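First up is the structure itself, then whatever we jot down about it.
These numbers come from a predicted model, not from an experiment. Residues: numbered from 1 along the sequence shown.
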Amino acid sequence: MENTVKKFKWFTITDYEEEEQWLRKQHKNGLKLKSVRFCVFTFEKCEPEDVIYRLEYDPNPLAPDYEQMLKDYGWEYFAEYNRFKYFRKPASEAQNEKEAELFSDNESRLAMLSKVTTTRLAPIIVIFLTCVIPGFRNAFTGTGRIAMLSIYTLLLVLYLWILIHCAIKITKLKKKYQKN
């Protein structure tokens, strides 16, 4: 019997809290995350357990002293994908809400959100403005324009959806972190 299960699930760069909850649910259903590669989550079958998952975005490698500090607090660093670092901890080891969080304060959460915005969302905006919009506009002329127009229309809709979704999510997360 195969011991691994692969699931396709797409989360945007601002959906990390939803991803954490989804991973926790998977673990409660007996699937322990092993790795992530382009929306494909590879799980290892395990005994169902309530395990808290947390993601931290940082473009820099994880510092050994920071990893050790998190380990001392019961967090296991086990994967990294697209600059998001994945941590987990059995819920039974979190005696209160603060121990179930990777970040100790909302300033840290806002700093992470700022890093996500500047290093991940900004390039998407640049690509949208410099490639997708001009490509869409240019697709109306030249040979093969129906195919190109179809491709650029699809890209335009996809990028607009991503940008609007992320902008709304960033606004909600900022409000959430600023009021707490």
Side-chain angles (χ1 to χ4, degrees), residues 4-29 31-46 51-71 73-89 100-133 135 151-152 154-174 176-177:
T4 60
V5 174
K6 293 185 184 234
K7 291 189 175 192
F8 178 84
K9 184 85 171 163
W10 190 53
F11 295 99
T12 68
I13 56 176
T14 55
D15 293 334
Y16 50 87
E17 289 181 341
E18 290 83 353
E19 186 174 349
E20 292 170 348
Q21 293 306 311
W22 182 74
L23 292 171
R24 185 174 187 172
K25 182 180 175 190
Q26 298 308 306
H27 209 121
K28 284 181 180 179
N29 291 327
L31 295 175
K32 178 181 181 178
L33 182 65
K34 284 178 55 175
S35 65
V36 184
R37 291 290 172 257
F38 192 69
C39 304
V40 177
F41 293 78
T42 303
F43 296 93
E44 181 177 65
K45 290 182 182 177
C46 66
V51 174
I52 300 164
Y53 282 80
R54 293 291 179 251
L55 278 68
E56 178 180 7
Y57 178 81
D58 192 346
N60 302 311
L62 189 64
D65 56 337
Y66 181 60
E67 182 179 359
Q68 184 59 51
M69 180 192 73
L70 291 173
K71 192 181 288 186
Y73 284 102
W75 291 102
E76 173 193 5
Y77 167 64
F78 66 95
E80 184 172 339
Y81 174 66
N82 228 359
R83 298 182 181 167
F84 277 95
K85 287 146 179 73
Y86 288 73
F87 298 88
R88 67 177 155 229
K89 174 186 203 175
E101 293 299 328
L102 196 59
F103 295 108
S104 60
D105 56 34
N106 283 337
E107 289 79 24
S108 300
R109 289 180 182 92
L110 286 166
M112 183 180 95
L113 190 58
S114 178
K115 282 188 240 179
V116 169
T117 303
T118 57
T119 62
R120 298 295 303 283
L121 192 57
I124 291 172
I125 293 169
V126 169
I127 292 169
F128 179 72
L129 294 174
T130 61
C131 298
V132 176
I133 289 181
I151 291 168
Y152 277 103
L154 179 65
L155 286 172
L156 183 71
V157 170
L158 178 65
Y159 270 81
L160 279 173
W161 182 85
I162 289 170
L163 291 171
I164 292 168
H165 174 81
C166 289
I168 291 169
K169 188 67 186 239
I170 287 169
T171 302
K172 286 180 181 178
L173 288 169
K174 280 184 177 179
K176 176 183 172 183
Y177 298 153

Chi angles and distances behind the side chain to side chain contact (heavy atoms under 4.5 Å, CB included) call for Arg109, Lys176: CA-CA 10 Å; Arg109 289 180 182 92; Lys176 176 183 172 183; over 6 Å; no
Heavy-atom donor-acceptor pair, Arg120 side chain to Asn82 backbone, under 3.5 Å: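 Indeed, once roles are kept as given, a pair shorter than 3.5 Å links the two residues.
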The criterion is side chain to side chain contact (heavy atoms under 4.5 Å, CB included); which residues satisfy it with [X], sequence neighbours excluded?
| X | value |
| --- | --- |
| Leu62 | Tyr66, Glu67, Tyr77, Lys85, Phe87 |
| Thr4 | Glu2, Lys34, Thr42 |
| Glu20 | Glu17, Arg54, Leu55 |
| Lys115 | Tyr57, Asp58, Pro59 |

Criterion side chain to side chain contact (heavy atoms under 4.5 Å, CB included) on Leu121 and Val116, from CA distance to verdict: CA-CA 7 Å; Leu121 192 57; Val116 169; 5.8 Å; no
Contact list for residues 161-172, test salt bridge (charged side-chain N to carboxylate O under 4.0 Å, His left out), sequence neighbours left out: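 Pairs touching residues 161-172 that pass the test: Asp15-Lys169, Glu18-Lys169.
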If you measure from [atom1] on [X] to [atom2] on [Y], what distance do you get to the nearest 0.5 Å?
| X | Y | atom1 | atom2 | answer |
| --- | --- | --- | --- | --- |
| His165 | Ile13 | NE2 | CD1 | 9.5 Å |
| Tyr86 | Leu23 | OH | CG | 6.5 Å |
| Glu76 | Tyr53 | CD | OH | 8.0 Å |
| Leu155 | Ile133 | CG | CD1 | 11.5 Å |
| Leu110 | Leu173 | CG | CG | 9.0 Å |
| Ile124 | Leu129 | CD1 | CG | 12.0 Å |

Partner set under side chain to side chain donor-acceptor pair (under 3.5 Å) for Ser114, not counting sequence neighbours: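 Ser114 satisfies side chain to side chain donor-acceptor pair (under 3.5 Å) with no other residue.
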CZ/Phe8: more than 12 non-hydrogen atoms of other groups inside 6.0 Å: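 Yes.
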Tyr81 OH: over 12 foreign heavy atoms closer than 6.0 Å: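 Yes, the 6.0 Å shell around OH holds more than 12 heavy atoms from other groups.
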Under a 4.5 Å cut-off applied to non-hydrogen side-chain atoms, are [X] and [Y] in contact?
| X | Y | answer |
| --- | --- | --- |
| Arg24 | Lys28 | yes |
| Tyr16 | Met112 | yes |
| Lys7 | Trp22 | yes |
| Ile52 | Trp75 | yes |

Specify the closest pair of heavy atoms between [X] and [Y], including all atoms of both residues, with the distance to one decimal.
| X | Y | value |
| --- | --- | --- |
| Asp105 | Ser108 | OD1-OG, 2.6 Å |
| Thr118 | Pro123 | O-CD, 4.0 Å |
| Lys174 | Leu113 | CG-CD2, 3.6 Å |
| Glu19 | Phe41 | OE2-CE2, 3.3 Å |

